Amino acid sequence: MNVTIVDYNSGNISSVINSFKEVAKDKVNIEVTSDLNKIKSSDKVVLPGQGSFKSCVDALNNISGLVDTLNEFAINNKKPLLGICVGLQMFADVGFEETETKGLGWVSGKVSKIDNQNGKFKLPHIGWNEINITKDSKIFKDIENKSHMYFVHSYEFVPEDKNVTSATTDYSSNIVCSVEKENIFGTQFHPEKSDKIGLKIIDNFINL
Amino acid sequence: MLKNRIIPCLDVKNGRVVKGINFVDLKDAGDPVEQAKIYSDGGADEICFLDITASNENRDTIYDVVKKTSKKCFVPLTVGGGVRSVEDINKLLNCGADKVSINTAAVQNPEVVVESSKKFGSQCIVVAIDAKKSGDKWEIFTHGGRNNTGVDALEFAKKMEDSGAGELLVTSMDRDGTQVGYDIELMSKISSMVNIPVIASGGVGNLDHLVDGIKLGNASAVLAASIFHYGKHSVKEAKEYLDSKGIPVRI
């Protein structure tokens, strides 16, 4: 099996690579590339993302044909895809970081700044927070409710259809921190930095 | 609920840990990778490496350490010390650091903070503020605490937030190494002034100091070095103690 981590200059993805390689061992081949043919032929795709919504969308668009290839992979062919952090946020129709920017439109919704309640809550939301599992998502197999995951973000994904939400976390309000829509998975937290429990989520995705 | 973080810090010189945990089962007490692994297995919420390598020839040793550690530890890794430029930050991130802490360069050239937070995102830019009390204010020191810049620490903290820092690592130079506790006044002043998380550092001698840093200093995270060295306290003990004092921690 081939799992491709999309390398599209979205910032630092070495931790994502390390964690997938750790979980995959020799059983699964982990590719790190922006090569369209390799993405097309892979079994699963991971879409990481760091920095701002706009910078990530711009970076995707800068690689000619990449968005089309991802659309074909996830929407037409319905193959499993995992978005992490801004990778998840880009599923939305639109994001408001820096300036209004169109997203991939895979999961209806928007990405807006977390309400810090006039400074009562620090931003970025950095650190370990518990997740409330709201849906029996495949990537949460053997993951206990209220497990701790590592977060670092200032913007949140607000889906239109609440049924796509698979977990939330409490920070200022109920923040959507995981979604599952058919073959499309996303986590706002960083499984690659969430210790053994995070690696288990990666393992679940690899073993889908 | 967001948990307060405990961050053990390891001083690394020429690729070796200077002080560290002194466990009998440790194969190589000077190996930063092994030490970091012990911390992360013990429940550390993040690991911090402070590179104190003095000579330029050996500066590259830290990259190797970060590379190896990031393949073994799956909690966030912050690396600081000697970070001068956007290129240095890029190199550390590529080696597997999750955050980079910038000290002297942030004071001398705040553009580094502006540029790097734009390029890599605020989430990986930590500005390290080394401050010393002077009359009724605090002044910033650079070059590992040797140079007094005269810059007001509170104003600088605000400026760094505006420049794009994702977190502030605040060290009291008066307290560092004394084991008498954090400079609570400094921590709480900076924490109430900025809307980004503050990591308290410098002066921890016992577990109550960690409690004070969070409860009185309003820090989001507490960093400590020597109390975790030589097995005086484990990270697990520290967390259980904080938990017993009603502080939310990840256990």
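Each chain gets a letter, A, B and so on, in the order its sequence line appears, and its residues count up from 1. Keep in mind the model is a prediction, meaning the values are calculated, not measured.
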Just wondering, are more than 12 heavy atoms of other shown residues or ligands nearer than 6.0 Å to [atom1] in [X]?
X	atom1	result
B:K37	NZ	yes
A:K79	NZ	yes
B:K158	NZ	yes

A:P124 side chain reached by B:Q123 side chain, heavy atoms, under 4.5 Å: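 A side-chain contact under 4.5 Å is absent here.
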Which bit of A:K196 is near chain B, if near means a heavy-atom gap under 4.5 Å: side chain, backbone, both or neither?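 Side chain of A:K196 only, per the 4.5 Å heavy-atom cut-off to chain B.
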Is A:H190 in contact with chain B via its backbone, its side chain, both, or neither, using a 4.5 Å heavy-atom distance?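 The answer is neither part of A:H190.
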List the atom of B:G96, the atom of A:S14, and the distance in Å for their closest heavy-atom pair.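 Shortest heavy-atom separation between B:G96 and A:S14 comes out as CA-OG, 3.3 Å.
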Could you tell me whether the side chain of [X] and the main chain of [Y] form a donor-acceptor pair under 3.5 Å?
X	Y	value
A:N12	B:A97	yes
A:K21	B:K71	no
A:K193	B:D98	no
A:N18	B:S70	yes
A:N129	B:M1	yes

Proximal component of B:I251, with respect to chain A [non-hydrogen, under 4.5 Å]: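 Interface part for B:I251: backbone (N, CA, C, O).
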Interface moiety of B:D45 toward chain A, non-hydrogen atoms closer than 4.5 Å: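 Contact with chain A: backbone and side chain both.
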Might you work through the side chain to side chain contact (heavy atoms under 4.5 Å, CB included) test for A:K122 and B:S191, ending with a clear yes or no? CA-CA 10 Å; A:K122 303 244 174 199; B:S191 186; 3.3 Å; yes
Dump the intermediate steps for side chain to side chain contact (heavy atoms under 4.5 Å, CB included) on A:E192 and B:F74, then the final yes or no. CA-CA 6 Å; A:E192 78 279 12; B:F74 298 96; 6.0 Å; no
Got a salt bridge between A:E130 and B:R250, using NZ or NE/NH1/NH2 to carboxylate O under 4.0 Å?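 No, this pair does not count.
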Which members of residues 197-208 of chain A, sorted by number, sit under 4.5 angstrom from chain B on a heavy-atom basis?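 Within residues 197-208 of chain A, near chain B: A:L199.
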Those residues of residues 131-166 of chain A, ordered by number, that approach chain B below 4.5 Å (heavy atom to heavy atom):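 Only A:H148, A:Y150, A:V152 of residues 131-166 of chain A have a heavy atom under 4.5 Å from chain B.
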So which of A:G51, A:S194, A:P191, A:S55 has the largest heavy-atom pair count under 4.5 angstrom toward chain B?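 Option with the top pair count is A:G51.
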Please report the interatomic distance CZ(B:R5) to CD1(A:I126), rounded to the nearest 0.5 Å.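 Going from CZ on B:R5 over to CD1 on A:I126, the span is 5.5 Å.
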Which of these passes side-chain contact (heavy atoms from CB on, under 4.5 Å) with A:W128: B:V75, B:L2, B:N4?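 By the side-chain contact (heavy atoms from CB on, under 4.5 Å) criterion, A:W128 pairs with just one of B:V75, B:L2, B:N4: B:V75.
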